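Before any comments, here is the structure.
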Amino acid sequence: MNGTTVARLPGPGLVVLVGVTHSDAAGTAAALARKVYHLRILTGEKSAADLGAPLLVISQFTLYADTRKGRRPTWQAAAPGPVTAFADALRELGASVQTGVFGADMQLMLVNDGPVTLILDA
């Protein structure tokens, strides 16, 4: 985005890469938001909700890449559009949420403390 910082976490928190498929609905987004916000994976087995930790939510359609055939992935399972319902559900829970720009060519910098990377599915 021409060197512009669109979103930044003000302190330690969670970076959440979200992929949405065609069968996902608002209820799916709300369930995953609750799970992410209350998941006890931060220092002292605390959750983002416990610590008031901020979240950076990035739409990541490539999570639905199908690489079973050939050398070129397809993204037919990925639903078009942003992950607004997920970010809104987090905000309704009281979370501090920053978001990227859907469809933009973003450069993301993060420090992965742990490292801990989890895949959650509703």
Side-chain angles (χ1 to χ4, degrees):
M1 301 260 329
N2 299 330
T4 303
T5 300
V6 174
R8 171 178 288 156
L9 293 180
L14 299 177
V15 175
V16 184
L17 304 176
V18 180
V20 178
T21 192
H22 301 284
S23 61
D24 289 339
T28 306
L32 280 173
R34 280 190 305 276
K35 181 77 169 183
V36 167
Y37 194 49
H38 294 285
L39 199 61
R40 295 171 38 190
I41 57 172
L42 299 176
T43 303
E45 294 189 9
K46 301 286 185 180
S47 68
D50 294 333
L51 299 175
L55 297 97
L56 176 59
V57 175
I58 305 291
S59 180
Q60 191 71 19
F61 74 93
T62 60
L63 291 170
Y64 276 99
D66 184 350
T67 59
R68 291 176 287 183
K69 289 178 65 178
R71 298 179 298 155
R72 188 174 296 151
T74 65
W75 288 280
Q76 293 173 341
V83 296
T84 308
F86 178 77
D88 289 346
L90 282 169
R91 288 184 183 108
E92 287 176 16
L93 293 170
S96 170
V97 179
Q98 297 290 317
T99 60
V101 176
F102 180 75
D105 181 16
M106 293 182 287
Q107 295 177 357
L108 181 65
M109 295 174 22
L110 67 105
V111 174
N112 196 350
D113 186 6
V116 175
T117 303
L118 304 172
I119 298 173
L120 304 178
D121 200 352

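Keep in mind that what you see is a predicted model, and the values were worked out from it rather than measured.
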Tell me whether the count of non-hydrogen atoms from other residues, nucleotides or ligands lying under 6.0 Å of CG in Asn112 goes above 12.
yes
Contacts of Thr62 meeting side-chain hydrogen bond (donor to acceptor under 3.5 Å, both in side chains) (sequence neighbours excluded), chain-then-number -> Gln60
Per-pair distances, 0.1 Å, donor-acceptor, side chain in residues 85-101, under 3.5 Å, sequence neighbours excluded:
| unit_1 | atom_1 | unit_2 | atom_2 | d |
| --- | --- | --- | --- | --- |
| Asp88 | OD1 | Arg91 | NH1 | 3.4 |
| Arg91 | NH2 | Val97 | O | 3.4 |

Name every donor-acceptor pair, under 3.5 Å, that has one atom in a side chain of residues 16-32 and the other anywhere in the protein, sequence neighbours excluded.
| unit_1 | atom_1 | unit_2 | atom_2 | d |
| --- | --- | --- | --- | --- |
| Thr21 | OG1 | Ala77 | O | 2.5 |
| His22 | NE2 | Gln76 | O | 2.9 |
| His22 | NE2 | Ala78 | O | 3.2 |
| Asp24 | OD2 | Thr21 | N | 2.9 |
| Thr28 | OG1 | Ala25 | N | 3.4 |

Ile41: side-chain contact (heavy atoms from CB on, under 4.5 Å) partners, not counting sequence neighbours:
Leu14, Leu39, Leu118
So which residues get pulled into Ile119's cluster when ILVMFWY side chains under 4.5 Å apart are joined, directly or through others?
none
Suppose we screen for side-chain hydrogen bond (donor to acceptor under 3.5 Å, both in side chains). Which residues come up paired with Arg68, at least two apart in sequence or across chains?
Asp66
Is it true that Leu110 and Ile58 fall in one hydrophobic cluster, defined by side-chain heavy atoms closer than 4.5 Å?
yes
Fellow cluster residues of Val111, listed by chain then number, with links counted only when side-chain atoms sit under 4.5 Å apart:
none
Does anything in residues 103-122 pair up under ring-ring contact (aromatic ring centres under 6.0 Å, His included), and if so which pairs, sequence neighbours excluded?
none
Tell me the side chain to side chain donor-acceptor pair (under 3.5 Å) pairs involving residues 36-52, sequence neighbours left out?
Arg40-Glu45, Ser47-Asp50
Partners passing side-chain contact (heavy atoms from CB on, under 4.5 Å) against Asp121 (at least two apart in sequence or in another chain):
none
Contacts of type ring pair (Phe, Tyr, Trp, His ring centres under 6.0 Å), residue Phe61, not counting sequence neighbours
Trp75
Treating Ile, Leu, Val, Met, Phe, Trp and Tyr as nodes and any side-chain heavy-atom pair under 4.5 angstrom as an edge, say whether Val83 and Leu120 lie in one connected cluster.
yes
